[in-house]
Amino acid sequence: MTDSTRIIQVDALARVEGEGRFKVKLEGDRVVHSEFSIFEPPRYFEGLLRGRSFRDAPDVTSRICGICPIAYIMGACLAMEDALGWEIPQPIVDLRRLIYCGEWIQSHVLHTHLLHAPDFLGLQDSIELAKSNRSLVESGLSAKKTGNRVMEVIGGRSVHPVNTRVGGFYSAPAEEAIRALLPDLERGEAQSIAALDAFSGFDFPDLEVNYLFVALRHETDYPIAEGRIVSSSGLDIDVAEFPEHFVERQVPHSNALQGITAEGQPYLVGPLARFNLNANRLPADILALAERAGLVPGCRNPFKSLLARQVETIYAFREAARLARAYVPPEPSFIDAPLLAGIGHGITEAPRGLCYHRYEVAEDGAIVSATIVPPTSQNQRQIELDLVSTVERFHDLDDDDLQWRCEQAIRNYDPCISCATHFLKLDVERA
Amino acid sequence: MSNAPEEGGNSGGILIGVGHAERQDDGVGPYVAKALARHGLPAVAHEGDGSGLLELWESRPACIAVDAIGQLGEGQPDAGRIHVFTEIDDETFARTAFVHSSHRVGLPEAVALGKALDRLPDRLIVIGIVGATFGFGCALSPAVAASAERLIACLASADEPFGQDAMAALVQL
């Protein structure tokens with residue numbers, strides 16, 4: 001360390017879930033060393049599942065995250081149904097999409113309105129934001145309430161819903177209960193469009209990153225829980241081929257595995273990847289709103305993930321309302337069938353990106369092996385690289401402002417660090 | 001008991017027990033809420049999401065929130081100690097007391113947001129009970145369980161548990 005060495009340290013990064021630490025060493029304007037360390041202990045969910053009934057997987061994996069339990073429930077259900085060879089009727093598929101819209105809404109607006117927006121306004125948190133832009137916070141809280149309500153009506157409760165099961169739902173919500181959601185869903189779309197307009201006026205830092213985007217892509221719809229895996233480099237594979245193309249590696253400085261491609265390349269999952277790979281699956285008017293806000297297909301500015309997340313919130317409200325209008329209670333509310341031994345794969349688009357499940361099930365229904373790859377693990381290496389890009393791009397900033405910009409860059413990912421990490425401690429060493 | 005559970009609406013006071021019933025002392029809030037509900041008081045358990053707390057208490061005249069907290073000072077063997085927060089503008093309340101919330105928008109943030117948005121009840125008291133252990137399991141530690149029972153007895157025996165006098169008396173716990 002020379003006399004000109006400067007150290008920037010963040011002991012507790014606020015407004016994310018989880019604990020982690022980042023250290024970077026700068027020589028001039030070049031980063032010569034960086035580490036994104038996740039020191040949250042392993043959680044052993046995959047081991048916990050071995051030997052348990054296949055029916056337990058949705059409820060057990062739901063506990064991985066209190067913000068995005070549906071992602072784990074649905075991934076587990078899809079993988080088990082794939083392993084068992086069960087075909088799920090369309091009304092159940094539609095009801096699953098509706099509850100997933102609820103999760104997207106509540107998760108996205110928590111991040112955009114309460115956790116990430118303050119970064120762009122130089123505010124410490126949502127409490128300061130509430131004092132300066134009350135209507136924005138009020139609309140976020142209102143939207144979150146609606147998202148939670150969708151999850152409660154269908155899933156029994158908003159955190160770790162209990163009405164979901166392999167094969168469908170324990171019981172189907174009454175038609176009137178679903179229809180009653182419509183006024184709030186319609187109001188939520190309008191409020192979300194207004195919020196997108198507000199966000200479009202933010203000063204987005206000028207940074208372009210050469211991402212490899214990876215997301216689901218469906219034949220007709222914006223992807224949530226169905227589709228093939230595609231990438232910006234032309235990959236187009238079945239869900240079952242995920243392990244052949246994407247791997248996880250252990251790095252010495254982190255307890256969480258890092259996702260990379262089989263060729264060793266980092267990649268990005270989440271709203272910006274989904275938007276760029278599926279922009280033409282959005283309704284034309286919503287895509288027009290995105291473009292008016294400054295989010296155009298091909299966008300590689302990570303800070304504009306805020307806009308992508310908000311565009312998806314608008315879409316989720318629109319889609320939820322469509323599904324609620326068309327809702328007819330599925331009869332029966334779930335399917336069951338004889339057990340078959342097998343291996344199954346399931347992938348859905350969690351709010352933060354692809355969430356992959358693979359299970360091997362024995363003839364008696366016991367889980368032989370389980371593999372779960374959450375989105376923040378997949379993004380972890382790319383987060384490290386984004387921080388390097390951010391420090392090099394903005395190295396002229398003083399330490400406090402650079403630290404702020406780095407934290408903002410991490411929050412671009414809405415990292416569910418509870419699924420993969422917790423607080424972030426940032427050291428910048430300048431030589 | 002004058003404050004019987006309501007059939008609907010937000011016209012009366014409410015006690016919210018914040019925490020996770022399966023994380024040992026973090027479950028003290030839900031433990032208190034369930035016990036008082038059995039006594040007929042309007043009391044609910046809540047996992048602590050801030051936006052949900054705002055919904056629960058807004059438009060109500062009074063709210064008592066009960067949550068587990070960490071030790072407020074280093075080296076103090078004070079598990080079970082009851083801290084009653086009536087001055088919610090206090091920065092130490094907002095920033096340091098409720099260290100065991102796993103959500104970034106938790107009870108203290110909900111209180112601060114509610115103040116900024118005029119979405120607080122007329123009377124709000126937050127009761128923090130210092131926990132000893134926050135691992136897996138449903139059992140409270142002996143010191144925390146004793147404090148919980150003391151709080152339950154105090155509220156269950158009050159004629160008007162959400163009245164000004166009864167809430168003021170909680171400071172003496």
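Just so it is clear: chains get the letters A, B, ... in the order the sequence lines come, proteins before strands, and each one is counted from 1.
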What do you reckon, is CZ of R50(A) surrounded by more than 12 foreign heavy atoms closer than 6.0 Å? no

Of the backbone (N, CA, C, O) and the side chain (C-beta and beyond), which part of L129(A) lies under 4.5 Å from a heavy atom of chain B, both, or neither? neither

Which residues satisfy the salt bridge (Lys or Arg N to Asp or Glu O under 4.0 Å) test with R63(A), sequence neighbours excluded? none

Check: residues 111-118 of chain B side-chain donor-acceptor pairs under 3.5 Å, at least two apart:
residue, atom, partner, partner atom, Å
K115(B), NZ, D89(B), OD1, 3.4
D118(B), OD2, R134(A), NH1, 3.0

Once side-chain hydrogen bond (donor to acceptor under 3.5 Å, both in side chains) is applied, do any residues pair with N148(A), and if so which ones, sequence neighbours excluded? none

Measure K145(A) against the heavy atoms of chain B and call it side chain, backbone, both or neither at under 4.5 Å. both

Between R157(A) and E47(B), does the salt bridge (Lys or Arg N to Asp or Glu O under 4.0 Å) criterion hold? Intermediate values first, please. CA-CA 11 Å; R157(A) 61 188 190 189; E47(B) 85 284 353; over 6 Å; no

Inter-chain contacts: residues 176-189 of chain A against chain B, heavy atoms under 4.5 Å: none

Are side-chain heavy atoms of L54(B) and L141(A) found at a separation under 4.5 Å? yes

